[in-house]
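Scroll down for the structure; my scribbles are underneath it.
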Amino acid sequence: LLEREDSVKLLFAQNRKCDAFIDNIPYRNFSSVLLSSIADIKSRYLSFLSGRAVIEESQRAKECYSIAIKKDKHNINAYIGYSLWLYFAPAISGGGVNSAINILKKAEKIAESNNQKYLVSLYLSQLYLCTNNNKKTEEYLKKAHELIDNETFSLYLKNRIGLKKPFFEQ
């Protein structure tokens, strides 16, 4: 594993490469997978920024997620990334836990493979945890656990319900 300092340097370098790439080509020419990958990098990069840079990078990430979903309605990773963007975004920009849940409920309807259903169920469980809806949290953790043989992450998350903190906020 990389040390934190090395991983931060790598993230910054990757974001610079993304900017150099996307500044010269219209987004409409990118695949949905590439757009959601760029948005994921930018979303992670946000935690190291402040001021106007946060707003600018955040909007670029949101735009990439939105276009990725429009280009491919079955890109589950784009829905998950966008739901996390919404979760962390302020309400004034359309964010919030309920907005994030609404996006993942759309993903739940289109998820095809057990792996996709598993990921969506895990993230929905954690978003419902944030709304203090333990019944829904447990329902989605159970659903996730039943989808993948011998998986244990959902059991770990079930043991953390009392902490009232989703795994993506650690």
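Just so you know, residue 1 is the first one in the sequence shown, and it goes up from there.
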Quiz item: Given the rule in the salt bridge (Lys or Arg N to Asp or Glu O under 4.0 Å) test, do K135 and E139 qualify, once you have shown the distances and angles that lead to the verdict?
Solution: CA-CA 6 Å; K135 182 179 177 185; E139 174 187 323; over 6 Å; no
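Of all non-hydrogen atoms in W85 and S43, the two that sit nearest each other are CD1-OG, 4.0 Å.
Q59 CD to S66 OG: the interatomic distance, rounded to the nearest 0.5 Å, is 9.0 Å. The distance from atom CD1 of I38 to atom CD of Q14, rounded to the nearest 0.5 Å, is 9.0 Å. Note that NE2 of H145 and OG of S125 are 13.0 Å apart. Values are rounded to the nearest 0.5 Å.
Of the possible polar contacts, one joining the S113 side chain to the Q116 backbone as a donor-acceptor pair under 3.5 Å is found. With hydrogens and angles ignored, the 3.5 Å screen pairs no side-chain donor or acceptor of S58 with any backbone N or O of I55. A donor-acceptor contact shorter than 3.5 Å links the side chain of S99 to the backbone of G94. Judged purely by atom type and a 3.5 angstrom limit, Y79 uses its side chain to pair as donor or acceptor with the backbone of K73.
Ring geometry, F168 versus Y123: the interplanar angle falls under 30°, so the pair is classed parallel (tilted spans 30 to 60°). Classification of the F48-F12 ring pair by plane angle, with boundaries at 30° and 60°, yields perpendicular.
Salt bridge annotation for E63-R60: absent, with no cationic side-chain nitrogen under 4.0 angstrom from a carboxylate oxygen. Ion pairing of K9 with E5 is present here, as a side-chain N (NZ or NE/NH1/NH2) and a carboxylate O approach within less than 4.0 Å.
For Y118 and F153, the gap between ring centers reaches or exceeds 6.0 Å.
Residues N77 and S36 have side chains that never bring a donor and an acceptor to within less than 3.5 angstrom of each other. Neither side chain, K70 nor N75, offers a donor N or O lying under 3.5 Å from an acceptor on the other.
Put simply, I67 and I25 are part of the same group of oily side chains (I, L, V, M, F, W, Y) that touch within less than 4.5 Å, one to the next.
For the pair Y87/C130, a side-chain contact is recorded, criterion being any heavy-atom separation below 4.5 Å from C-beta on. In this structure, the side chains of K136 and L127 stay at 4.5 Å or more apart for every pair of heavy atoms.
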